[in-house]
Number of protein chains: 2
Amino acid sequence: MPTPERTSLAEIVAQAARLLESGGPAAVTMQAVAAAVGVKAPSLYKRVRDREALLGLVGISTADELTRRLTDAGGDLGELLTVFRRFGQERPEAFRLLFASSIDPERLAATSEPVLRATAAIVGSERALDAARLLTSWALGFITMELTGAFRLGGDLDEAFAYGMRHIVGSLTVDQDAVRPAQGS
Amino acid sequence: MPTPERTSLAEIVAQAARLLESGGPAAVTMQAVAAAVGVKAPSLYKRVRDREALLGLVGISTADELTRRLTDAGGDLGELLTVFRRFGQERPEAFRLLFASSIDPERLAATSEPVLRATAAIVGSERALDAARLLTSWALGFITMELTGAFRLGGDLDEAFAYGMRHIVGSLTVDQDAVRPAQGS
DNA sequence: ACCTGAACACCGTTCAAGT
DNA sequence: ACCTGAACACCGTTCAAGT
């Protein structure tokens, strides 16, 4: 005789994400997730293959949320970069998970899309991919170091972010091969 | 009556690093490390506070190794970036650990030193820190995405790296405030 | 002074048994 | 058809007892 469902996959993923953000990956135990959705641990395996798959689903939902924010941000490159950074600050654990685990290529492509459109408008579709990778790499590295606390030599981080943004975006609007190097200091 | 030492802290850290690289963080169990150095798990606690502290020591030794390579690389910025990338490719797990966990600020300062010297020579000591952060962020992000396999939209990664390097290094030799934007595509 | 077996708490996962 | 208790393997860590 059928038993009524006491939870859902969506709720499981949501609670796992909540536990991740509040206590890091170690806090996402199957028992803690089960308790959060009002069920015992073995029941989770009806909806999820194992813990790794569950974390993968959290990663996917994180990617989708980021995609939504980027899409809503409009086409300005500075705006996109700022939204990206703010997302990392608001959900540091989810952000780390997203770029630590490997995500489904199609989801990632969707996340890249707003950035690609913005770079295409500046450097043309030919160079849009390289430019998007330049921007994404820099922002990812900056946010990672900011979250890890690797920026400990002092200085204003907001200013450092603006400095980087100015230089990176600026470099796209210049034909690098035509730039004559300035003298030192 | 004293018992002769059957291992050493250095050997423990070395074996932990070896296990990390060959099987990821999950392979670094206290039992596996103990077996690798010829001892039982409880004995490790004579030399290491707990597993987390052991991984911290692996991180420190990784930072020191990276510092050594960067110092030996000379002062050319492109050379430094290439050495950085190669290190990530050779020791992906150690690289990930290094930038995931938080490392002792002094060790990190030592690692930054070669980069800071190189940027100071180009933009002056005033802006050396911001410039070093720009370069390090970009390289860290690029390597992270390369290792995770996030670059799946095709294209030549060596070329993408060279593209980024050209633009980032190039942007340092230009006064961004004086650059007039080019028109789109 | 270092090493170990035994023990404990905790976790992921499986499965037979319940409804 | 979903849920659970019981069980298993495995892990980190502690500690009394060995040498």
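It should be emphasised that the depicted structure is a prediction, and the values quoted were computed from it without experimental measurement. A note on names: the letters A, B, ... follow the listed sequences, proteins ahead of strands, and every chain is numbered from 1.
- With a cut-off of 3.5 Å on both pairing distances, the Watson-Crick or G-U wobble partner of C:dC8 is D:dG12.
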| request: Start with the C-alpha gap between B:Phe84 and B:Phe95, add the side-chain angles, then the distance that decides, and say whether ring pair (Phe, Tyr, Trp, His ring centres under 6.0 Å) holds. | output: CA-CA 10 Å; B:Phe84 194 47; B:Phe95 185 88; 5.6 Å; yes
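- Under a 3.5 Å cut-off, the side chain of A:Glu21 and the backbone N or O of A:Ala94 do form a donor-acceptor pair.
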| remark: Counting primed atoms, P, OP1 and OP2 as sugar-phosphate and everything else as base, the B/S/- map of nucleotides 3-14 of chain D against protein heavy atoms under 4.0 Å is SBBB----BSBB
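- Across all strands shown, D:dT19 pairs with C:dA1; the Watson-Crick or G-U wobble distances both stay below 3.5 Å.
- Seen from the ring of B:Phe151, A:Arg133 counts as a face-on cation partner, given the 6.0 Å and 45° thresholds.
- Annotation: salt bridge (Lys or Arg N to Asp or Glu O under 4.0 Å) contacts of A:Arg86 (sequence neighbours excluded): none.
- Scanning for salt bridge (Lys or Arg N to Asp or Glu O under 4.0 Å) contacts around A:Asp158 gives A:Arg85, with sequence neighbours left out.
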